Amino acid sequence: VAHLPFRRWCIQCMQWRGNNLPHSEAPAAEDGLAVPVVALDFYFVGQPDTPDIATALAARDKGSKALFSRILPTRATLETAWAAQQIVQDLEWLGHKKCILKADQEPAMTALLNKIVSLREHPTILERSPVGESQANGLAERAVQAAEGQLRVMKLALEQRLQGDMPPKHPVVAWLTQHAADMVTKLHRRSDGRTSYELVKGKPYRHE
């Protein structure tokens with residue numbers, strides 16, 4: 001149902017991920033980090049340079065590899081507290097107090113990070129990488145790859161079951177974007193056999 005783990009016999013897995021084989025397991029968590037690190041970056045859902053495209057935000061915790069992703073209703077959302085509040089909730093779910101947020105220096109990202117800092121009651125350190133230099137923030141780049149890849153697989157499976165396209169700005173896609181990242185956190189087993197959810201909460205995910 002969640003297309004986790006990747007399987008060669010699955011049509012949707014092969015269509016979206018087959019060209020990226022082999023898929024190595026995520027490295028083990030860096031337990032005991034002095035200050036937790038969470039990386040953030042934007043990505044797009046839909047075809048570039050078309051009106052029917054949605055902006056999404058991906059975030060990943062360096063220690064547990066927990067993944068978060070959500071569609072931004074509009075780019076102007078970054079001028080309000082909505083997107084920042086979502087990240088603050090994610091940090092609370094992770095149990096982070098003092099933490100480091102890694103991102104690039106894009107103006108929209110700067111606005112978002114400043115909102116997050118203003119909303120949090122715990123110290124929040126910002127680390128900025130040059131715009132356009134993805135290698136400078138590899139954790140954010142991998143967060144986007146993981147979020148976008150899982151969303152594409154699940155969106156493709158849904159479209160094939162519906163026998164039709166699901167526009168990027170459809171409310172179901174907004175839900176699916178968050179749900180897909182949630183599945184990675186709760187169901188993807190790392191090389192040590194544990195999920196990110198288990199590392200954060202101390203027990204496996206047992207619900208639907």
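As the structure is a prediction and not an experimental result, all values here were calculated from the model. The first residue in the sequence is number 1, and the count goes up from there.
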Short side-chain to backbone donor-acceptor contact, R120 and K97, under 3.5 Å
yes

Under the criterion side-chain contact (heavy atoms from CB on, under 4.5 Å), I'd like the reasoning laid out for M109 against L57: C-alpha separation, chi angles, the key distance, then a yes or no.
CA-CA 10 Å; M109 181 61 74; L57 174 67; 4.2 Å; yes

Checking side-chain contact (heavy atoms from CB on, under 4.5 Å) for the pair M154/M183: CA distance, chi angles, key distance, verdict?
CA-CA 10 Å; M154 300 186 77; M183 291 298 92; 4.3 Å; yes

Do V184 and K65 touch side chain to side chain, with heavy atoms closer than 4.5 Å?
no

Check: A181 main-chain N/O paired with S69 side-chain donor or acceptor under 3.5 Å
no

Is the backbone of M166 close enough, under 3.5 Å, to the side chain of E159 for a donor and an acceptor to pair up by distance?
yes

Any donor-acceptor pair under 3.5 Å from T55 side chain to L72 backbone
no

Student check: side-chain heavy atoms of I100 and V38 closer than 4.5 Å
no

Which atom names give the shortest non-hydrogen contact between P168 and D52, and what distance separates them?
CD-OD2, 3.1 Å

Among all residues two or more places apart in sequence or in another chain, which pass the ring-ring contact (aromatic ring centres under 6.0 Å, His included) test with H122?
none

So CZ of R189 and CG of L187: to nearest 0.5 Å the spacing works out to 8.5 Å

Evaluate the ring planes of W93 and Y197, with Trp represented by its six-membered ring, and classify them as parallel (under 30°), tilted (30 to 60°) or perpendicular (over 60°).
tilted

Least distance between heavy atoms, A103 atom then L113 atom:
CB-CD1, 3.9 Å

Is the shortest side-chain N to carboxylate O distance from D182 to K186 below 4.0 Å?
yes

Name of the residue among L112, I125, I116, V117 meeting side-chain contact (heavy atoms from CB on, under 4.5 Å) with L101
I116

W82 six-ring face occupied by K115 cation (under 6.0 Å, within 45°):
no

Side-chain contact, heavy-atom cut-off 4.5 Å: C99 with V37?
no

Would you find a donor on one side and an acceptor on the other, under 3.5 Å apart, between the side chain of R60 and the backbone of L67?
no

Is there a donor in the side chain of H96 and an acceptor in the side chain of D90, or the other way round, less than 3.5 Å apart?
no

Heavy atoms, side chains only, cut-off 4.5 Å: are E148 and V153 in contact?
no

Checking side-chain contact (heavy atoms from CB on, under 4.5 Å) for the pair K102/S129: CA distance, chi angles, key distance, verdict?
CA-CA 8 Å; K102 296 190 66 173; S129 58; over 6 Å; no

Under a 3.5 Å distance rule, please check whether R194 uses its side chain to pair with a backbone N or O of E198 as donor and acceptor.
no

Show the numbers, then the answer: is there a side chain to side chain donor-acceptor pair (under 3.5 Å) between Y205 and T185?
CA-CA 10 Å; Y205 183 77; T185 296; over 6 Å; no

Decide yes or no on side-chain contact (heavy atoms from CB on, under 4.5 Å) for E141 and D41, but give the supporting numbers first.
CA-CA 7 Å; E141 184 180 18; D41 202 358; 5.7 Å; no

Can you see which heavy atom on S64 is nearest to which on S196, and at what distance?
O-OG, 2.6 Å

Flag the pair T195 / P204 as yes when at least one side-chain heavy-atom distance between them is below 4.5 Å, and no otherwise.
no

Note, L91 side chain near F68 side chain (heavy atom, < 4.5 Å):
no

Side chains of L119 and Q89, heavy atoms from C-beta outward: is any pair under 4.5 Å?
no

With a 3.5 Å distance limit and no angle check, can you tell me whether D104 reaches the backbone of E106 through a side-chain donor-acceptor pair?
yes

Please state whether the rings of W175 and H179 are parallel, tilted or perpendicular, taking 30° and 60° as the class boundaries.
parallel

Tell me, do L158 and V172 make a side-chain contact under 4.5 Å, heavy atoms counted?
yes

What one should report as the nearest heavy-atom pair of A140 and L40 is CB-O, 3.7 Å

Which value, rounded to the nearest 0.5 Å, describes the distance between F44 atom CZ and I71 atom CD1?
10.5 Å

